[in-house]
Amino acid sequence: MKKFIGMVGTNSDQSTNRRLLQFIQKHFANQANIDVCEIKNLPAFNKPEDSVVPKEVQNLADKITEADGVIISTPEYNHSIPAILKSAFEWLSYTSQPFIDKPVMITGASYGKLGSSRAQSHLRQILDAPELKARIMPSSEFLLGNSLQAFDENGILKDYKKIEILEEFFNDFVQFVDITNHLVKSNHSRQKKQSFSWENNDN
Ligand SMILES: Cc1cc2nc3c(=O)[nH]c(=O)nc-3n(C[C@H](O)[C@H](O)[C@H](O)COP(=O)(O)O)c2cc1C
C-alpha cells in the first residue's frame, strides 16, 4: 500500500481544498494510505539565522520524507497560491528539503469556473526551484471549479464525471510514483541537501 501525504494549501477552516483531499483520502483508501496534513499551524517564514526550524515544520518535513508521494491541493488567491502555502515551501526548502525528488500531484479547488488553474501553474514553477526540486507529474491538472457547490452533505463529489477524471488522474499518479521512485533509486540521483546558490560567494 502506498503512503501519501495530502497537503492542504491553506489555513482556512472552511476550505474546499481540504474537502477535496478528504474525499481523495476516502475514495482511494484501497490504493493508498493518505495522511491529510495541515500547514495552518506553521508560523510565517522568518529565515532564522541559526537555521533551526520550528518543530511543526520539522514534523511536516519528516512526514514528506517518509511518504512515497505528495498530493498538494491549492486554492487560488490573486492568480497565485496563498501566502501561507508559499511560506510553507520556504520553510521546507530551509530544512531537510524533503521535496527533492519527491513525486507530487497537484490539485486545486476554487469558487469560480477555472478551478485554480493559474495558481497550479505558479505552484509548478515554485516546486521546480533547486531547493525544492520536486518531481511533479507532467501534463496533468485536476481542476475543481465552483467548489462551494461541488460536494454533497457527506463530502462526496456530486459530479460523477469529475470523479472519473480524478480516478484516471490518481491511477496515473500511482504509476508515476513507481516510475519516478525507481528512476531516482537506479540513478542514485537523490541529492543531498542543496546549499542555497545565492549564499555562495562564487556567484
Ligand atoms: C484573497 C483572495 C483572492 C482570491 N483570488 C482569486 C483568484 O485570483 N482567482 C479565483 O479564481 N478565485 C480567487 N479567490 C476565490 C478562491 O477561488 C477561493 O477563495 C479559493 O480557491 C477556495 O479555496 P478554499 O475553499 O480551499 O479556501 C480569491 C479569494 C480570496 C480570499
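Whatever order the structure lists them in is the order used to number ligands and atoms, beginning at 1.
Remark: side-chain polar atoms of Gln25 are paired, donor with acceptor, to backbone N or O of Ile34 under 3.5 angstrom.
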Ligand 1 N/O to protein N/O, distances under 3.5 Å:
unit_1	atom_1	unit_2	atom_2	d
ligand 1	5 (N)	Glu76	O	3.4
ligand 1	5 (N)	Asn78	N	2.8
ligand 1	8 (O)	Asn78	N	3.2
ligand 1	8 (O)	His79	N	2.9
ligand 1	9 (N)	Glu76	OE2	3.0
ligand 1	14 (N)	Glu76	O	3.2
ligand 1	17 (O)	Tyr111	N	3.0
ligand 1	21 (O)	Glu76	N	3.1
ligand 1	21 (O)	Ala109	O	3.0
ligand 1	23 (O)	Asn17	ND2	3.2
ligand 1	25 (O)	Thr16	N	2.7
ligand 1	25 (O)	Thr16	OG1	2.6
ligand 1	26 (O)	Ser15	OG	2.6
ligand 1	26 (O)	Thr16	N	3.3
ligand 1	26 (O)	Asn17	N	3.1
ligand 1	26 (O)	Asn17	ND2	2.7

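For Phe99 and Phe89, the ring centers sit closer than 6.0 Å to each other.
The side chain to side chain donor-acceptor pair (under 3.5 Å) pairs that include a residue from residues 29-42 are Asp13-Lys40, Arg18-Glu38, Gln31-Asn171, Asp35-Lys63, where partners are two or more places apart or lie in different chains. Counting only residues at least two apart or in different chains, side chain to side chain donor-acceptor pair (under 3.5 Å) contacts with residues 48-61 comprise Gln58-Asp62.
For the pair Lys162 and Phe142, the distance from NZ or CZ to the six-membered ring centre is under 6.0 Å and the angle to the ring normal is within 45 degrees.
Contacts of Thr180 classified as side-chain hydrogen bond (donor to acceptor under 3.5 Å, both in side chains), with partners at least two apart in sequence or in another chain: none.
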